[in-house]
Each structure stands twice: as structure tokens, then as C-alpha cells.
Amino acid sequence: MSAPPAEGLVQQWESEQTRLRQQVLDHDTEDWQKSPVFSGLERVGGVDLSFIKGDDTRACAQLVVLSYPDLKLLYEDSRMVTLTAPYVAGFLAFRETPFLLEALQRLQQKQPRLQPQVVFVDGNGLFHHREFGLACHLGVLSGLPCVGVAKNLLQVQGVFKSEEHQSQIAALQKGGDSFPLTSASGKVLGKALRSSDKSFKPVYVSVGHRISLDAAVRLTLSCCRYRVPEPIRQADYRSREYLRSRFPAADSGSGE
DNA sequence: GCGACAG
DNA sequence: ATCTTGTCGC
């Protein structure tokens with residue numbers, strides 16, 4: 001049912017990514033990022049979108065802000081939105097960013113003191129076709145430090161789900177172990193991280209904006225109670241809960 | 001025709 | 001993203 005994206009649109013998106021890419025800062029810009037224990041860091045944010053099943057345009061845009069290092073909920077915002085852009089692999093940001101930005105702006109307007117010092121994004125940052133994934137996009141447009149955490153490996157820039165990749169995953173002995181995701185040209189675009197002792201499938205961490213890869217990986221690890229970092233996990237859970245309460249299952253086994 | 005494809 | 005139950009384990 002989803003019509004293929006208009007011809008020129010993807011090209012336009014591509015050039016915009018290339019343009020905005022120049023504004024990404026892939027190093028630590030905040031003092032807390034240089035601290036081994038991130039002293040000075042008090043608030044971490046997480047964003048996500050959850051969809052109503054069967055509808056790929058209506059979704060709940062979610063923002064949560066948690067305390068650090070306690071990871072307790074300080075702020076939460078759920079909002080029903082209607083997406084206009086289609087999902088095109090490599091261009092996720094054009095579909096989701098506008099609504100995540102709006103959530104950050106509502107927070108800035110209502111509770112500026114709760115503005116997160118870093119935002120975890122469900123998706124990739126520099127680990128991307130043109131080194132400008134969702135986490136970079138949101139980072140540049142919001143100006144906030146962002147970290148991209150993807151649950152699945154994006155096969156780009158010469159990174160493949162090869163036997164070698166599988167064996168590297170098997171070699172991750174404990175939570176905190178990781179290995180670099182290196183492009184064909186030799187650049188480290190991100191890291192596969194075993195985020196806890198109990199999880200075996202790694203998460204893929206990459207720089208979004210205003211943070212180094214090293215700090216991004218350390219911070220991700222320190223925010224993981226389970227496989228997915230708590231800010232993203234909370235955003236995901238709460239957005240689904242929001243949909244569950246307002247859009248009860250259309251069908252169930254009760255009929256006959 | 002088949003596999004890929006962050007969310 | 002969503003489609004989806006039970007099941008094994010602590």
C-alpha cells in the first residue's frame with residue numbers, strides 16, 4: 001500500500017544529509033564526558049516512536065528524561081502524531097526527527113531545567129550509509145549531545161553479517177566487551193557492545209553528536225540494566241503502554 | 001525472482 | 001515498526 005517515494009525526494013534527502021553531516025561534532029564537548037564516572041551528568045534522555053499495528057502513519061512520539069546515575073524517571077511526554085514521510089532505509093530521520101524535536105521543544109518550554117544533557121536515540125548515528133543517521137540528525141537539529149543505539153546491524157560501508165562478524169560476537173565474554181565496526185576505508189564508525197552479562201546479542205553504538213565514540217560506549221554501558229539502555233527502553237515501554245491504553249486491540253479471541 | 005532493509 | 005505463545009530458567 002505504501003507508494004514508492006517520489007523520485008526527487010530521496011535525492012533531496014541525500015543532499016540534505018550530506019550538508020548537515022558537516023555540522024556533526026564527533027568528539028566530547030562537555031566536561032562530564034571526560035570523567036571516568038561521568039561526574040556532572042544528572043539527566044539522560046531517551047526518545048522513541050511506537051506505531052499502532054496496521055497503521056504506519058499514526059504513532060506515539062515519546063520522550064523520557066531519567067536521572068543519572070539512578071535512572072529514575074524525571075519527565076515523560078507521550079504524544080500522538082501523524083507521520084507524513086515514508087520509511088526509506090537510510091532515511092529514517094526524515095520520518096521521525098520532526099516529532100522527536102517537537103517533544104524536546106515542549107520540554108524546553110515547560111520544564112527547561114529538565115533538559116537532558118545527552119539523548120539516547122533508537123537507531124544509528126555515524127554508522128550509516130552517509131555517516132548521518134537518525135542520532136546525528138536529531139543531534140544537529142537540537143544541538144544536544146546524542147548517542148545512537150541500534151538493536152540490529154545495518155550492513156553498510158563494508159560492514160557485513162559475515163562469519164567473521166558472528167565469531168567476533170561469540171568472542172564477547174562479558175558485559176562491556178565490544179569490537180569496532182570498521183568501514184571498508186578503515187574508519188571506525190561504531191562499536192558492537194555486549195551491554196550486559198546476561199545478553200548475548202550486542203547493541204550497535206555510534207556517535208550522534210557532541211560526544212566521542214569512547215564516551216558513547218562507556219555511557220551506554222553504564223545506562224544498561226538490560227540489553228537496551230534504560231532511556232530507550234523506558235521510552236519504548238511507555239509509548240507502547242500509551243497506545244495500549246488508548247487504542248485497545250481491535251480484535252481478540254473473545255468473539256466467535 | 002531473491003535478498004536487503006536502523007525504525 | 002508490527003505480525004505473535006509458549007517456554008525455559010532464575
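The model shown is predicted, which means the values in this text are computed figures rather than measured ones. Here is the naming used below: chain letters follow the sequence lines, and residue numbers restart at 1 for every chain.
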> With rounding to whole Å, what would you report as the distance between dG3(B) and dT4(C) at their C1' atoms?
Replying inline: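 My reading of the C1' atoms in dG3(B) and dT4(C) gives 24 Å.
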>> Between dG1(B) and dG6(C), how many Å separate the two C1' atoms, rounded to a whole number?
In response: 35 Å
What nucleic acid atoms does [X] come within less than 4.0 Å of, heavy atoms only: base, sugar-phosphate, or nothing?
X       : answer
F91(A)  : base
N124(A) : base
Y87(A)  : base
R58(A)  : nothing
G148(A) : nothing

> Listed in order of residue number, which residues of residues 165-172 of chain A have a non-hydrogen atom at under 4.0 Å from DNA chain B?
Replying inline: none
Under 4.5 Å side-chain linkage, directly or through intermediates, the cluster mates of [X]:
X       : value
L172(A) : F127(A), L153(A), L154(A), V156(A), V159(A), I169(A), F179(A), L181(A), L189(A), Y204(A)
Y237(A) : none
F200(A) : none
F160(A) : none

> In chain order, what residues pass the side chain to side chain donor-acceptor pair (under 3.5 Å) check against S185(A), with sequence neighbours excluded?
Replying inline: S183(A)
> Any chain of hydrophobic side-chain contacts (each under 4.5 Å) joining V81(A) to L141(A)?
Replying inline: yes
> How far does SG of C223(A) sit from CZ of R218(A), to the nearest 0.5 angstrom?
Replying inline: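 One gets 11.5 Å once the value is rounded to the nearest 0.5 Å.
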> Taking 5' to 3' order, which nucleotide of DNA chain C is first and which is last to have an atom within less than 4.0 Å of a heavy atom in chain A?
Replying inline: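 So the outermost contacting nucleotides come out as dA1(C) to dC3(C).
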>> When you compare the side chains of S222(A) and Y68(A), does any donor N or O come within less than 3.5 Å of an acceptor on the partner?
In response: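 On atom types as modelled, these side chains qualify, holding a pair under 3.5 Å.
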> Does a donor on one side chain sit under 3.5 Å from an acceptor on the other, for E42(A) and Q117(A)?
Replying inline: no
> So which pairs with a foot in residues 86-111 of chain A pass ring pair (Phe, Tyr, Trp, His ring centres under 6.0 Å), sequence neighbours left out?
Replying inline: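 Checked against ring pair (Phe, Tyr, Trp, His ring centres under 6.0 Å) - neighbours excluded - the pairs reaching residues 86-111 of chain A are W13(A)-F91(A), W13(A)-F94(A), F94(A)-H137(A).
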> Earliest and latest nucleotide of DNA chain B, 5' to 3', sitting under 4.0 Å from a non-hydrogen atom of chain A?
Replying inline: dA4(B) to dG7(B)
> Can you list the stems that DNA chain B is part of, where a stem is at least 3 pairs in a row, each Watson-Crick or G-U, with both distances below 3.5 Å?
Replying inline: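 In DNA chain B, stems of three or more pairs: none.
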Are the charged groups of [X] and [Y] less than 4.0 angstrom apart, N to O?
X       : Y       : value
R238(A) : E241(A) : no
K191(A) : D214(A) : no
D177(A) : K174(A) : yes

>> Any heavy-atom pair between the side chains of F120(A) and V228(A) that's under 4.5 Å?
In response: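 SC-SC contact between V228(A) and F120(A) ruled out.
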> Looking at side-chain heavy atoms only, is the closest gap between S35(A) and L41(A) below 4.5 Å?
Replying inline: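 Contact flag for S35(A)/L41(A) side chains = no.
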Show me the donor-acceptor pairs, under 3.5 Å and distance only, between side chains in residues 20-27 of chain A and residues at least two apart or in other chains.
residue, atom, partner, partner atom, Å
R21(A), NE, E131(A), O, 3.0
R21(A), NH2, E131(A), OE1, 3.1
Q22(A), NE2, T18(A), O, 3.4

> Could you write out DNA chain C as a dot-bracket string, with dots for unpaired bases, | for bases paired across to another strand, and Watson-Crick or G-U pairs counted at under 3.5 Å?
Replying inline: ..........
